[in-house]
Amino acid sequence: MRTILWAESVKLKRSKILWIAFFSAVMVALIVFMQGQFTYYGRRYIDTVGWYMTAAQSLGSLYVLPALVALVGSYLICREDQEDTMKSLVLIPVSRPKLIGAKMIVTALLAVLLYAFLFMVTLVTEVALHGALLDARSIFRFARIYLVEGIGIFLAVSPVIAIVSRLKKSYWLALLFAEIYSFGALFAGMQQPLRSIYPVTAAFTVAGYYEAVPGQAVLSLCSLLACGVLSLILLRGLNKQSDV
Amino acid sequence: MLNLILTEFLKLRRRKFVWLMLLAALFMPLISIFYFGGSSAAEIDPLQFYKWAAFSYTPWIILPFVLGLLCTMLAYDENQNELLKQLWIIPVSRMGYFFSKFAIVLFYSVCFMLLAAFGSIFAGVISGLIVFTAESVAFLLIKCLEIGFLAPFAMLPVLAVAVSQRGYLLPVCCTVVYTFLGFILMMVAMYAHPLSSMTAILMRNIPGVVLNEPVNLAKVFFCIGIWGFASVVGTNIMLSKESRGI
Amino acid sequence: MEPLIIETRQLTKVYGEQTVVNKVNLHVRKGRIYGLLGRNGAGKTTVMKMILGLTSITSGEVDLFGQKLGGNEKRIYPRIGAIIETPGFYPNLTGTENLEIFAKLRGTAKPDAVKEVLAVVGLPYQDKKLFSQYSLGMKQRLGIANAILHDPELLILDEPTNGLDPIGIAEVRNFIRNLCVEWEKTVLISSHILSEVTLLADDIGILHNGVLLEENSLAELQKKNSKYILLQVSDTAKAALVLENRFHVTDYSVQDLHTLQLYDTTLDMAEVNKTLMTENISVISSQRCNDTLEDYFKKVTGGEGIA
């Protein structure tokens with residue numbers, strides 16, 4: 001497994017997808033900063049301490065980041081068929097479950113990295129804007145929200161990646177599914193218990209963005225884990241397809 | 001030019017996903033059913049329902065996103081299969097190529113919004129949430145055609161990115177970021193982004209929508225025009241540069 | 001006789017209603033080069049894919065090294081190197097980086113393996129050029145390098161000289177021959193070019209529309225090439241009568257009004273010509289001919305020929 005993971009990381013060398021993903025994260029930070037200029041009852045959003053870090057995380061997770069994570073995941077899986085390297089790998093032999101597993105792990109890592117990166121960017125901006133008003137406890141709280149959100153969003157979109165991987169060449173679907181799915185959270189977030197169950201909002205709940213009683217948090221955690229299990233089941237089916 | 005457009009349609013044969021994406025038009029009508037769930041026809045003005053089902057999110061998130069994917073798909077296959085070289089020596093002009101793609105996007109966009117309109121009527125009437133009135137339906141159709149027609153122009157920058165380079169990752173990510181930017185700028189700087197400008201046109205006369213200031217149509221068209229123009233010029237430069245490189 | 005490395009029995013592949021490969025019985029012996037000859041779309045690639053387990057088998061069986069592939073992948077695959085169709089690699093990596101990935105995944109023991117195989121196929125080691133910038137010929141070379149990277153006993157090469165220039169083709173040919181002679185490798189190679197196969201293969205299988213029409217050693221096939229005398233005369237009917245009565249010739253065929261083929265090449269042609277002249281039949285020409293392999297394949301495939 002370690003060799004496969006090593007191979008996966010080498011395959012990302014010079015790959016544009018990393019640049020594009022991190023560039024998109026920067027754009028999210030920038031766009032949300034623009035929104036911060038909006039004046040509401042004589043006060044700019046951005047002037048409220050913590051607003052920026054909260055908004056970048058929630059808006060990013062609703063509109064941009066899940067689609068990105070799904071794109072990265074499905075790209076990693078579909079590229080072996082696209083670039084026609086699958087047959088060479090099968091002949092080594094590399095076991096498909098392990099290969100896909102490695103790709104999922106890489107995707108999860110990238111998702112967390114992406115959130116960590118967004119966290120750093122927003123943190124630096126917050127500090128520059130409000131400096132002393134920001135205390136260690138809230139920084140720590142935001143760090144937790146961002147990182148857990150990274151894993152949560154990965155779990156939430158993992159079924160999308162799995163479905164798209166089964167369809168092999170239609171990785172476009174990953175984006176459309178993921179985008180509508182993540183922005184459906186807008187509506188799912190309006191009421192309980194849907195808010196705790198819908199995977200994207202469940203990720204928000206588990207990360208601590210939403211106030212939740214323990215029962216709801218557990219429900220959300222279960223929902224995310226169910227997503228993970230579902231994608232495992234879907235990917236198992238993928239491994240049974242024999243034609244390369 | 002007509003031939004070019006016709007061949008573009010021929011290229012869409014057996015591409016199920018292109019047509020499957022149309023289903024995204026029905027997302028908001030479905031959401032609206034749940035949103036208005038408990039109410040009855042007596043309480044809801046049809047326009048209020050349509051405002052949700054057809055005028056919210058569909059025009060400024062779902063439609064741009066779908067169109068962006070469509071642009072990418074249209075351009076990607078051509079780039080991938082080394083088809084461009086063959087097109088240039090037919091010869092097909094760079095701009096002819098670009099605008100034939102645009103024609104498809106335009107056609108698709110109008111279809112998409114019509115489907116969204118019929119989906120909204122259907123969802124509202126079948127679920128018993130609204131009554132069918134000729135006046136509201138006429139307004140809905142006009143508005144949907146308005147969006148369907150304007151959105152492709154607002155999406156020209158994405159089409160330009162998709163056409164002028166090889167991969168699919170960049171245009172797809174541009175779509176996401178561009179759409180998100182348009183959505184956010186709606187509140188902050190409406191006339192800076194074609195998508196938010198388009199939304200301004202949409203919102204200018206919907207009953208029940210209050211805007212801070214009346215929509216300045218000149219600024220709106222200027223915004224969409226300047227971005228569109230820049231995209232066309234940019235594409236022209238990129239495509240001729242690339243074809244010299246072959 | 002050498003043991004069989006690949007053996008297929010009644011191997012069949014059906015896509016929908018189309019039978020692409022029909023009851024193929026293939027026998028590849030150890031240390032020999034087997035050329036699978038067939039036109040485009042004859043089913044060569046599908047046969048190879050089925051042998052390698054890259055596509056499902058509709059019916060029939062494959063034995064590799066005397067074992068079934070299913071369940072033995074971990075033991076059998078490391079003994080095989082293969083190129084199927086145009087080899088795929090990661091476009092964002094250089095040739096060396098690509099091979100390093102495959103070497104590591106295979107667990108190749110030799111540290112210099114990548115460097116060595118690149119030298120063998122004539123590609124530079126640690127070059128900056130990305131795979132996406134490779135020419136077709138370079139891609140093919142890299143594919144061959146990947147196929148021999150782990151020093152396999154059996155090579156399955158699907159049209160490996162595709163896209164190579166004539167010099168490249170000759171290089172690859174010598175190289176494959178070398179592998180077989182010096183290192184006792186077994187090779188299954190497919191091609192649609194007859195001359196290429198006859199220059200290289202020990203055994204030949206002819207695949208046509210999914211059916212293996214003929215399987216034999218090159219030597220045997222060449223023996224089958226018939227020699228004959230082509231006789232052009234003013235009147236074949238009269239000439240035939242004379243040949244039968246005076247020379248007791250029975251093994252001949254009449255091609256048309258003026259052409260005869262005599263299969264008994266021991267006949268004294270001077271005598272034949274003289275006799276025909278005295279019988280008032282003018283002889284326009286008479287010459288000894290050889291059927292080429294190409295003619296033979298035309299016959300086997302029912303006139304369509306190979307390439």
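Being a predicted model, the structure only gives us computed values, none of them experimental. A note on names: the letters A, B, ... follow the listed sequences, proteins ahead of strands, and every chain is numbered from 1.
The number of heavy-atom neighbours closer than 6.0 Å to CZ of B/Phe9, taken from other residues, nucleotides and ligands shown, is above 12. No more than 12 heavy atoms of other residues, nucleotides or ligands shown are found within 6.0 angstrom of CZ on A/Phe23.
Ring geometry for B/Tyr57 against A/Phe183 counts as tilted: the plane angle lies between 30° and 60°, on a 0 to 90° scale.
Residue contact with chain B, scored on non-hydrogen atoms closer than 4.5 Å, involves the side chain of A/Leu68 exclusively. If you measure heavy-atom distances from B/Met73 to chain A, the contacts under 4.5 Å come from both the backbone and the side chain. Heavy atoms closer than 4.5 Å to chain A are found in the side chain of B/Ile61, but not in its backbone. In this structure, chain A has heavy atoms under 4.5 Å from both the backbone and the side chain of B/Leu170. With a threshold of 4.5 angstrom between heavy atoms, A/Leu59 approaches chain B through its backbone and through its side chain. With a 4.5 Å cut-off on non-hydrogen atoms, B/Phe180 touches chain A through its backbone and its side chain both.
Note: A/Gln191 CD to B/Tyr35 OH = 10.5 Å, rounded to the nearest 0.5 Å. How far CD of A/Glu179 is from OG1 of B/Thr175: 9.5 Å, rounded to the nearest 0.5 Å. The CH2 atom of A/Trp19 sits 14.5 Å away from the SG atom of B/Cys173 when rounded to the nearest 0.5 Å. Separating the CE atom in A/Met190 from the CD1 atom in B/Ile31 is a distance of 8.5 Å, to the nearest 0.5 Å.
At a threshold of 4.5 Å between non-hydrogen side-chain atoms, the residues A/Leu176 and B/Val66 count as touching.
The minimum heavy-atom distance linking B/Val188 with A/Met34 is given by the pair CG1-O, 3.4 Å. Considering every non-hydrogen atom in both B/Leu169 and A/Ile20, the closest pair reads CB-CD1, 3.7 Å. Counting all heavy atoms, side chain and backbone alike, A/Tyr63 lies closest to B/Val176 at O-CG1, 3.7 Å.
Per-residue heavy-atom pair counts under 4.5 Å with chain B were compared for A/Ile31, A/Val28, A/Leu30, and the maximum is reached by A/Ile31. Taking chain A as the reference chain and counting heavy-atom pairs below 4.5 Å, the highest number among B/Val177, B/Leu20, B/Ile62 is found for B/Val177.
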From CA spacing to verdict: side-chain contact (heavy atoms from CB on, under 4.5 Å), B/Met28, A/Phe187: CA-CA 10 Å; B/Met28 283 312 293; A/Phe187 310 103; 3.8 Å; yes
